[in-house]
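Notes to accompany the following structure.
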Amino acid sequence: MARRRERRGQPSQDRRSERVESETREEKLSDADASERKLIGIFVVFFIVIPAVSVLVYVFKYGSGTKPLEPVVSERGLIKTDINFQEILSENSKVAGNESLRNYDYPVLAYITPWNSHGYEMAKRFNSKFTHLSPVWYDLKSHGSSLILEGRHNVDKGWMSELRMRGDALILPRIVLEAYPTDLFKKKLRDKAVNLIVTECKEMGYDDLRNAALAFIKQLGHALHSVKSTRNEQQLQLIYVIGPPHSDALQQHDFGPEDLQSLSGAVDGFSLMTYDFSGPNNPGPNAPIKWIRFTLSLLLGSTGNSAKRLAPKIFLGINFYGNDFVLSEGSGGGGAILGRDYLSLLEKHRPVLQWEKNSGEHFFVYSDDDNVRHAVFYPSLMSIYMRLEEARFWGSGISIWEIGQGSILSPRKSHIDVEMPR
């Protein structure tokens, strides 16, 4: 706009210098110019300045606060739908960009399992990429007429010390509830369960807790909040795992928006398991993007004040594994595969990868040595990118299951900036 005004103003000055006008005409022109400048000034203020300021205020107040996405893989053109197996085989072992820099500001929770122990090394190497790390260590079980907490033998204190020297990610031991549900209906046993968990957190010096129960979550959350971490004097936290709805309409056993509202004061985060949409009996994508969007909208409602308040507590689940399904009629075979399995299939069958637009996932079809057809769905850079952008849109965090499984191409070079094990 400024340039246009300059071009308009300059010829007016030239004309005044080249022409000799009467004093009356000069005064009229001067008055006209002043009036024109006044009108232009009003136009600029009302139609440019005010809207621009409004946009800035909106972005400052309601923006997600995340940094612009400028990953190396975008510059190299690796995030795309038309990928081929050669690219995956040649790129999967490379780490793109800075190993310690985070591109996203929202929370990132990663799970580590003893049976895929390479996740421990990934957690140490890329500690600064995560805000929360959840080792799968504990089980709460019924034992006669009481309850016991098993799993301390899994705890690796040396690993925990190394993590804390390398970064600030909080450590949340995962506790699976294997006790009889009816046991937790009894106040005495419910108190016992809370005491077991809180005592373990205090003795082991944990920062947070991830649990898989509902009946006593409020009580547990308030109990944890009353205890401070021995490491940083902050109150202990609780992240609760929730499953997605099983149909378009919420069923009685589904975790719904009312549950989210009810627990939001006692729970610091909700790890949403938005994966395993398909199985051997219904082969298909791992986590269709439309299903993820529907699940978030069901839990959070519209993008109103309630959604803005609760969305940051949601950790959108992203799978770092794939599935190899048998397509033969009535077989119902196949199941989960890890990164090394995926690479082996690519090397052996040299397949054509296809992009499934409705689900937002890549897959390929091959025939095994017995001429049985299979369909393989595995995360790609594009599929991960779409899910990270969905989390960005809602203002939620993400949770990764899990970083020791050997997921290869997608998360390592996507915007999450996490290298996955080889």
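Throughout, residue positions are numbered sequentially from 1 according to the sequence presented.
Not counting sequence neighbours, Ser278 has no partner by the side chain to side chain donor-acceptor pair (under 3.5 Å) test. Residues satisfying the side chain to side chain donor-acceptor pair (under 3.5 Å) criterion with Asn84, sequence neighbours excluded, are Glu87. Partners of Lys187 under the side chain to side chain donor-acceptor pair (under 3.5 Å) rule, at least two apart in sequence or in another chain, are Asp191. Partners of Ser344 according to the side-chain contact (heavy atoms from CB on, under 4.5 Å) rule, which considers only residues two or more places apart in sequence or in another chain, do not exist here.
Under a 3.5 Å cut-off, the side chain of Asp254 and the backbone N or O of Gly256 do not form any donor-acceptor pair. With hydrogens and angles disregarded, a donor-acceptor distance shorter than 3.5 Å links the side chain of Asn127 to the backbone of Leu163. Glu361 contributes a side-chain N or O that, together with a main-chain N or O of Asn286, makes up a donor-acceptor pair within less than 3.5 Å. Looking at Lys313, its side chain does come within 3.5 Å of a backbone N or O of Val267 through a donor-acceptor pair. Judged by distance alone, the side chain of Arg102 and the main-chain N or O of Lys129 form a donor-acceptor pair under 3.5 Å. Judged by distance alone, the side chain of Gln251 and the main-chain N or O of His253 form no donor-acceptor pair under 3.5 Å. Proximity of a side-chain donor or acceptor of Glu91 to a complementary backbone N or O of Leu89 within less than 3.5 Å is not detected. Of the possible polar contacts, one joining the Asp207 side chain to the Ile171 backbone as a donor-acceptor pair under 3.5 Å is found. Proximity of a side-chain donor or acceptor of Ser383 to a complementary backbone N or O of Gly360 within less than 3.5 Å is not detected. One N or O on the side chain of Asp268 and one on the backbone of Leu238 form a donor-acceptor pair closer than 3.5 Å.
Counting only residues at least two apart or in different chains, salt bridge (Lys or Arg N to Asp or Glu O under 4.0 Å) contacts with residues 146-157 comprise Lys141-Glu150, Arg152-Glu200, Arg152-Glu203. Applying the salt bridge (Lys or Arg N to Asp or Glu O under 4.0 Å) test to every pair with at least one member in residues 373-382, sequence neighbours left out, gives no pairs at all.
For Asn154, the CG atom sits in a packed shell: over 12 heavy atoms of surrounding residues, nucleotides or ligands are nearer than 6.0 Å.
Between Tyr275 and Tyr321, the ring-plane angle classifies as perpendicular under the 30° and 60° cut-offs. Taking the six-membered ring for Trp and thresholds of 30 and 60 degrees, Tyr366 and His374 have nearly parallel ring planes, at less than 30 degrees apart.
Between the side chains of Lys357 and Thr81, no donor-acceptor pair of N or O atoms lies under 3.5 Å.
Look at Glu389 and Arg392 and you find a salt bridge, because one of the NZ, NE, NH1 or NH2 atoms lies within 4.0 Å of a carboxylate O, short of that distance. A salt bridge between Arg166 and Glu162 is present, with a side-chain N of the basic residue lying under 4.0 Å from a carboxylate O of the acidic one.
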